[in-house]
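A short write-up of the structure that comes next.
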There are 2 protein chains.
Amino acid sequence: MPSVTRRPAGGRDRRDAIAGRVRDAVERLLVAGESFTALPVGRIADEAGIGRSTFYGHFPDKVALLIALTESATATLFDRAARWVDEDGTRDELDAVVLHHVTEYRAHAPLLRAVVEVAGYEPDVDGFWQERIVEFAASIRRRIERDQAAGAAHRSIDAGPAAEWIAWGTERAVSMHVATRPPAEDAAFARGVAGATWAAMGRLPES
Amino acid sequence: MPSVTRRPAGGRDRRDAIAGRVRDAVERLLVAGESFTALPVGRIADEAGIGRSTFYGHFPDKVALLIALTESATATLFDRAARWVDEDGTRDELDAVVLHHVTEYRAHAPLLRAVVEVAGYEPDVDGFWQERIVEFAASIRRRIERDQAAGAAHRSIDAGPAAEWIAWGTERAVSMHVATRPPAEDAAFARGVAGATWAAMGRLPES
DNA sequence: AGGGTGTCGGACAAGATGTCGCATGATCTC
DNA sequence: GAGATCATGCGACATCTTGTCCGACACCCT
């Protein structure tokens, strides 16, 4: 005789299945080139095979959906790069790190395109995205400062602005590259960015 | 006795005055923090003191208005920086060049924010903006290559990707800086970015 | 069987877009 | 000044989207 009332497993499974269908539907539509901004909720509901009012039972609005979609997708996006930064990774490792970032970015490109798009006019999304990049920039700054303290990085580099420039620059350049170039060019692009990043951190190799 | 029929100056003046009022109205609304995307045409018309249908007599739609607004505003945005690049400007000149760019960007910040925002979902605006940055990146690439040919820039820098990274990075970092920091910080930011840019071009000073 | 929850389809109100028609005002030409 | 032409403003209209609500139905649990 149970002493608490519990949600039924069947009901939860069904509810999760619907949220999953909405997610998959949005992904398909974004992959097909739809702009998130111009995408009506009714279209998403149709694509997911649910009622439009059911959508509102799961998500308060389209923006909340986007935030939910991207939280997990971007949770690990910067992990490898941040680890390289935090653990004082080497120049030899950097090509692979940037390539991994480009590859991950490309894998989530439709969603990330939507995030950047919606961040332009939605403060919640903007704040969420900025938080991600600003956090990464802070770790780059600390890395540059450590390198300078150890005499490994050139003292002409001002760690704060340089770190912001690197973090935002990488985000933007990768996003543009992924949007306009084929995957076959990823490795060369990543090598080039890695070289410029290393230099911008004040770490040009000895001539 | 005139042999051609000409539109009267008064009528043209009146027509230009209306277009100007629309421009000023949009600028005021953007400065006030309105998102261009969320701004209805009716609101712009009210702010400009014209009828909504008159708006459509002057601009086919809101996006066309934005493009018209930003074409002149951004026509010269990159001029000074491009000149520095094309005329093989020096490190000593770069601080002032970047600061000028930041200052110009800040002066047009509401409009440029709108461009980047709308570029996310409007192919015309996207193309227009990309063209600007890609052109700038190409000139940076040529500059890096000239420097490398002259033995002044480090050969570890791959000019193509580095140039893209610099161009897009600068656009994005400046836009973020202007949106989140006060003008008093512009000079320090510009110096920092100039240092990182010079380094990313493979031009770290001798230790 | 009864109760509770979730879903679907439809209706509603509000807002925005783009177009059109009509009345009025402004300007130009003779 | 009179008449013609063009531009403007207002309002109506059709369409679409958003967010909300309602009733009917399905499903699950006790």
Side-chain angles (χ1 to χ4, degrees), chain A residues 1-26 29 34-68 114 117-118 121-125, chain B residues 1-26 29-30 34-68 114 117-118 121-122 124-125:
Chain A
M1 178 82 71
S3 61
V4 294
T5 307
R6 309 254 298 239
R7 281 305 303 149
R12 170 163 294 176
D13 284 350
R14 180 167 164 74
R15 191 173 173 80
D16 287 350
I18 288 183
R21 278 159 57 195
V22 172
R23 268 184 234 115
D24 293 346
V26 170
L29 291 166
E34 299 280 351
S35 140
F36 191 80
T37 300
L39 196 51
V41 166
R43 182 84 189 283
I44 296 170
D46 288 346
E47 181 73 29
I50 65 170
R52 190 168 71 80
S53 53
T54 302
F55 175 93
Y56 288 101
H58 287 252
F59 305 99
D61 55 31
K62 219 169 67 175
V63 171
L65 165 67
L66 181 62
I67 290 176
E117 171 184 325
V118 175
Y121 58 87
E122 276 288 344
D124 287 350
V125 179
Chain B
M1 180 81 73
S3 63
V4 295
T5 309
R6 310 252 301 235
R7 278 309 299 155
R12 168 162 294 176
D13 283 350
R14 180 167 164 76
R15 191 173 172 81
D16 286 351
I18 287 184
R21 278 161 56 197
V22 172
R23 270 185 231 113
D24 292 346
V26 170
L29 290 165
L30 292 179
E34 299 280 351
S35 140
F36 191 80
T37 299
L39 196 52
V41 165
R43 181 85 188 283
I44 296 170
D46 288 346
E47 182 71 28
I50 64 168
R52 191 169 69 81
S53 52
T54 302
F55 175 94
Y56 287 101
H58 287 253
F59 304 100
D61 55 31
K62 220 169 66 177
V63 171
L65 164 66
L66 181 62
I67 291 175
E117 170 184 327
V118 175
Y121 57 86
E122 276 290 344
D124 287 349
V125 178

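Just so you know, these numbers come straight off a predicted model, no measurement behind them. Throughout, a chain's letter reflects where its sequence line sits, starting with A, and its residues are numbered from 1.
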Checking B:F36 against B:V26 for the side chain to side chain contact (heavy atoms under 4.5 Å, CB included) test, could you report, in this order, the C-alpha distance in whole Å, the side-chain angles of both residues, the deciding distance, and whether it holds? CA-CA 8 Å; B:F36 191 80; B:V26 170; 4.2 Å; yes
Below 4.0 Å: OP1/OP2 of D:dA7 and any side-chain N or O of B:H58: no
Side chains of B:Y56 and B:V41: closer than 4.5 Å at any heavy-atom pair? yes
Could you tell me the separation between the CG atom of B:D61 and the P atom of C:dT17, rounded to a whole number of Å? 10 Å
Restricting to non-hydrogen atoms, name the atom on B:T37 and the atom on B:K62 that form the minimum distance, rounded to 0.1 Å. O-NZ, 3.4 Å
Could you check how far CD1 of A:I18 sits from P of C:dT5, rounded to whole Å? 17 Å
So, taking the atom named OG1 in B:T54 and the one named CD1 in B:I18, what distance separates them when rounded to the nearest 0.5 Å? 6.5 Å
Return the minimal non-hydrogen interatomic distance between B:F55 and B:V22, and the atom names on each side. CE1-CG1, 4.0 Å
For DNA chain D, determine which residues of residues 34-49 of chain B have any heavy atom closer than 4.0 angstrom to one of its atoms, and list them numerically. B:G49
Whole Å only: how far is the CZ atom of A:F59 from the P atom of D:dG19? 14 Å
Minimal non-hydrogen separation, B:E117 against B:S35, with atom names: OE2-OG, 2.9 Å
For nucleotides 19-25 of chain C, 5' to 3', base contacts (B), sugar-phosphate-only contacts (S) and non-contacts (-) with protein non-hydrogen atoms under 4.0 Å give BB-----
Would you list the pairs meeting salt bridge (charged side-chain N to carboxylate O under 4.0 Å, His left out) in which at least one residue belongs to residues 39-56 of chain B, sequence neighbours left out? B:R28-B:E47, B:E34-B:R43
What is the distance from NZ of A:K62 to P of D:dG19, rounded to the nearest Å? 9 Å
Shortest non-hydrogen contact between B:A25 and B:I44, atoms and distance: CB-O, 4.0 Å
Between D:dC10 (P) and B:F55 (CZ): distance, integer Å: 16 Å
